[in-house]
2 protein chains.
Amino acid sequence: MVLLDVLGQRWTLRLLWELSHDTATFRALRSRCDDVSPTVLNQRLKELRGLGLVDLGENGYELTSMGMALAGKFASLDAWANEWAENLEKHDISKD
Amino acid sequence: MVLLDVLGQRWTLRLLWELSHDTATFRALRSRCDDVSPTVLNQRLKELRGLGLVDLGENGYELTSMGMALAGKFASLDAWANEWAENLEKHDISKD
DNA sequence: AAAGTATGCTACTAAATATGTAGCGTCAAT
DNA sequence: ATTGACGCTACATATTTAGTAGCATACTTT
C-alpha cells in the first residue's frame, strides 16, 4: 500500500496533523513541529505537494481537499487514541 | 499527539497493516515487509508490544484487541487510498 | 543421540537519513 | 538603506536503518 509508505516516514503524519488544524508558513510549521530541521521539512512538503495533499497558498502551507479528506480519517483516530492512552496509563506498561 | 509519534516511524504503520491481515512469525513478518532488518523489526515489535497493540502468541505475532481496533481505523483509509492513487495517475503528478 | 530445521533475536559495520546551524535570495514595510 | 519575515539550501554532525552473520533454544527426523 503506497500511502502507508508515504505516511510511514518521520514527520509526514505530524505535518498533516498540524496542517489539518491550521495553515502555516514554512517557519511557523517548523516551530509547531518541535523545530524540525528545514531540510526534512522541505523534503516532506515537496512530497506532500507532489502527492496533491498539500499546497502552498497565500497564507502559507495548507491542505488540499484531498489532504483534508485524509486528515479527516485521522480525526476519528484522535478520539480513539485518547482512550487508548488512558488505558495505557491504567495498565502501567513497562516497555523496552 | 503521542500516537502519531509512534506511528510516524518507519515500518510501524506497515507492521500494523501486515498483522491486521494475518498473524506472522518474526521471520515471516520480515519477508512480508521487504525483508526489513531484524534490528528494526525487533525494535518496533518491542514498542508495539509495550504499547499493548501487538502480542507474541503461539502462532507468532498478532494484534491485540486494541491493535485490531487501531488497524480497523486504517481499513477505511485503504479504500480511500485507492481512489486517491487513481486520481494521482490521472493528474499525472510530476514531483521532486 | 546426532543432525537438521525453524524459531526469536542480537552484534556489528556500512549506508541512508535526520539534526542543527548558518545563511542566501526575495519581498514589503520603515 | 535597513529591518524583518519569507521559502529554502548547504553542509558537517549525529542518529537511524540496512544488511549480513550468527547465537541460543526448541522441536523433528534419522
Side-chain angles (χ1 to χ4, degrees), chain A residues 1-64 67 71 93-96, chain B residues 1-64 67 71 93-96:
Chain A
M1 189 176 169
V2 186
L3 186 59
L4 285 191
D5 295 333
V6 181
L7 297 181
Q9 280 187 292
R10 224 169 209 167
W11 298 114
T12 313
L13 225 45
R14 172 75 172 269
L15 286 177
L16 288 176
W17 179 255
E18 292 293 344
L19 287 178
S20 75
H21 287 16
D22 199 2
T23 71
T25 67
F26 188 96
R27 283 158 127 100
L29 205 47
R30 264 198 78 194
S31 60
R32 272 208 227 154
C33 294
D34 304 328
D35 274 329
V36 54
S37 74
T39 320
V40 185
L41 178 55
N42 189 38
Q43 253 172 51
R44 292 296 121 82
L45 285 173
K46 265 186 192 164
E47 290 173 3
L48 290 173
R49 279 194 283 179
L51 293 169
L53 296 173
V54 165
D55 196 40
L56 175 52
E58 282 295 317
N59 304 323
Y61 284 97
E62 60 195 11
L63 294 181
T64 65
I93 304 294
S94 56
K95 65 158 189 171
D96 295 328
Chain B
M1 189 176 170
V2 186
L3 187 59
L4 285 191
D5 295 332
V6 181
L7 297 181
Q9 280 187 292
R10 221 169 213 167
W11 297 114
T12 314
L13 225 44
R14 172 75 172 267
L15 286 177
L16 288 176
W17 179 254
E18 292 293 344
L19 287 178
S20 76
H21 287 15
D22 200 2
T23 70
T25 67
F26 188 94
R27 282 159 127 100
L29 203 48
R30 264 198 78 195
S31 61
R32 273 209 226 154
C33 293
D34 304 328
D35 274 330
V36 54
S37 75
T39 320
V40 185
L41 178 54
N42 190 38
Q43 253 174 48
R44 293 296 121 81
L45 286 173
K46 266 186 190 164
E47 291 173 2
L48 290 173
R49 279 194 282 179
L51 293 169
L53 296 173
V54 165
D55 195 39
L56 176 53
E58 282 295 316
N59 304 323
Y61 283 97
E62 60 195 11
L63 293 182
T64 64
I93 305 293
S94 56
K95 65 160 189 172
D96 293 329

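Lettering of chains follows the sequences in order, A, B, ..., and the numbering in each one begins at 1. Just so you know, these numbers use all the heavy atoms, side chains as well, and skip hydrogens, waters and symmetry mates.
Here B/W11 reaches the OP1 or OP2 of D/dA18: one of its side-chain N or O atoms lies under 4.0 Å away. Here A/Q43 does not reach the OP1 or OP2 of C/dT17: none of its side-chain N or O atoms lies under 4.0 Å away.
With distances taken from any side-chain atom of A/F26 to the nucleotides C/dT19, C/dT10, D/dG7, the minimum falls on D/dG7. Which of C/dT10, D/dC8, D/dA18 sits closest to the side chain of A/P38 comes down to D/dC8.
Following rounding to the nearest Å, B/R30 (CZ) and C/dA6 (P) show an atom-to-atom distance of 15 Å. Nucleotide C/dA11 holds its P atom 11 Å from the CG atom of B/N42, rounded to whole Å. In this entry the distance linking CD of B/E58 with C1' of D/dA26 reads 13 Å, nearest Å. Rounded to whole Å, atom P of D/dG22 lies 14 Å from atom CZ of B/R27. Note: CG (B/L41) to P (C/dC9) measures 9 Å, nearest angstrom. The distance from atom CG of A/L29 to atom C1' of D/dA5 is 16 Å, rounded to the nearest whole Å. The CG-C1' distance, from B/N59 to D/dC27, rounds to 16 Å in whole Å. Taking atom OH on A/Y61 and atom P on D/dC8, their separation rounds to 3 Å, with Å as the unit.
Residues B/L45 and B/F26 meet the side-chain proximity criterion, which asks for heavy atoms closer than 4.5 Å. Within the 4.5 Å cutoff, side-chain heavy atoms of B/L63 are placed close to those of B/V54. Residues B/L29 and B/V36 fail the side-chain proximity criterion, which asks for heavy atoms closer than 4.5 Å.
Side chain of A/R32 to backbone of A/E18: a donor-acceptor contact under 3.5 angstrom is found.
A donor N or O paired with an acceptor N or O is not found under 3.5 Å between the base of D/dG7 and the side-chain atoms of A/T25.
Backbone-only contact: B/V40 has heavy atoms under 4.0 Å from sugar-phosphate atoms and none from a base. B/R44 comes within 4.0 angstrom of sugar-phosphate atoms only, judged by non-hydrogen atoms across all strands, and of no base.
Comparing B/Q9 and A/T39 along DNA chain D, the residue whose closest nucleotide (by nearest heavy atom) sits nearer the 5' end is A/T39. Map A/R10 and A/A28 each onto its nearest nucleotide of DNA chain D; the residue landing nearer the 5' end is A/A28.
Atom CG in A/L7 sits 11.0 Å away from atom CG in A/L15 (nearest 0.5 Å).
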